[in-house]
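For the single chain, residues carry numbers from 1 onward in sequence order.
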Amino acid sequence: YHLSLDIDSDIDNGIIVRLSFYDRYDIKIGEMLIRDKETDFKCPLATYSYRMELIAGGARRIIYRSVAIQEIADETYNDSEQTEQNTEEN
């Protein structure tokens with residue numbers, strides 16, 4: 001996945017995002033802290049849901065505009081799948 005944050009604070013790196021991942025029984029199976037405004041990440045395999053927390057890591061003022069999480073294609077998987085298809089066709 002790709003996370004994009006449109007957030008500003010009164011100090012550099014004053015914002016931390018915590019992503020907590022849960023299985024279908026609502027048991028926490030993973031967690032990550034993100035300090036960048038753009039990052040790629042992978043969810044644990046058994047993830048059923050997640051929670052996102054915005055943490056003021058020293059910031060006293062935060063301007064929050066938006067957050068976006070987008071699924072990105074796994075290029076390694078797509079490349080190997082394409083190679084298998086080409087091999088089967090030949």
Legend entry - side-chain hydrogen bond (donor to acceptor under 3.5 Å, both in side chains) involving Asp26 - partner list, sequence neighbours excluded: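 Counting only residues at least two positions away or on another chain, Asp26 forms a side-chain hydrogen bond (donor to acceptor under 3.5 Å, both in side chains) with Arg51.
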Legend entry - side-chain hydrogen bond (donor to acceptor under 3.5 Å, both in side chains) partners for Arg65, two or more places apart: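 Testing Arg65 for side-chain hydrogen bond (donor to acceptor under 3.5 Å, both in side chains), a comparison that skips the adjacent residues, returns Asp6, Asp8.
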[X]: partners by side-chain contact (heavy atoms from CB on, under 4.5 Å), with sequence neighbours left out:
X	answer
Glu38	His2, Ser4
Arg61	Asp10, Ile63
Arg18	Ser20, Glu31, Leu33, Glu53, Ile55

Legend entry - Co-members of Tyr25 in a cluster of I, L, V, M, F, W and Y side chains, linked at under 4.5 Å: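 Ile27, listed by chain and number.
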Inset, instruction - Quick one: name the residues clustered hydrophobically with Leu5, using the 4.5 Å side-chain heavy-atom rule over I, L, V, M, F, W, Y, and just say none if it's on its own. - result: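 Tyr1, Leu3, Ile7, Ile15, Val17, Leu19, Phe21, Ile29, Met32, Ile34, Phe41, Tyr50, Met52, Leu54, Ile62, Tyr64, Val67, Ile69, which link up through side-chain heavy atoms under 4.5 Å apart, make up the rest of the cluster.
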Legend entry - Shortest non-hydrogen separation from Gly14 to Ala59 and the atoms involved: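 Minimum heavy-atom separation between Gly14 and Ala59: O-CB, 3.3 Å.
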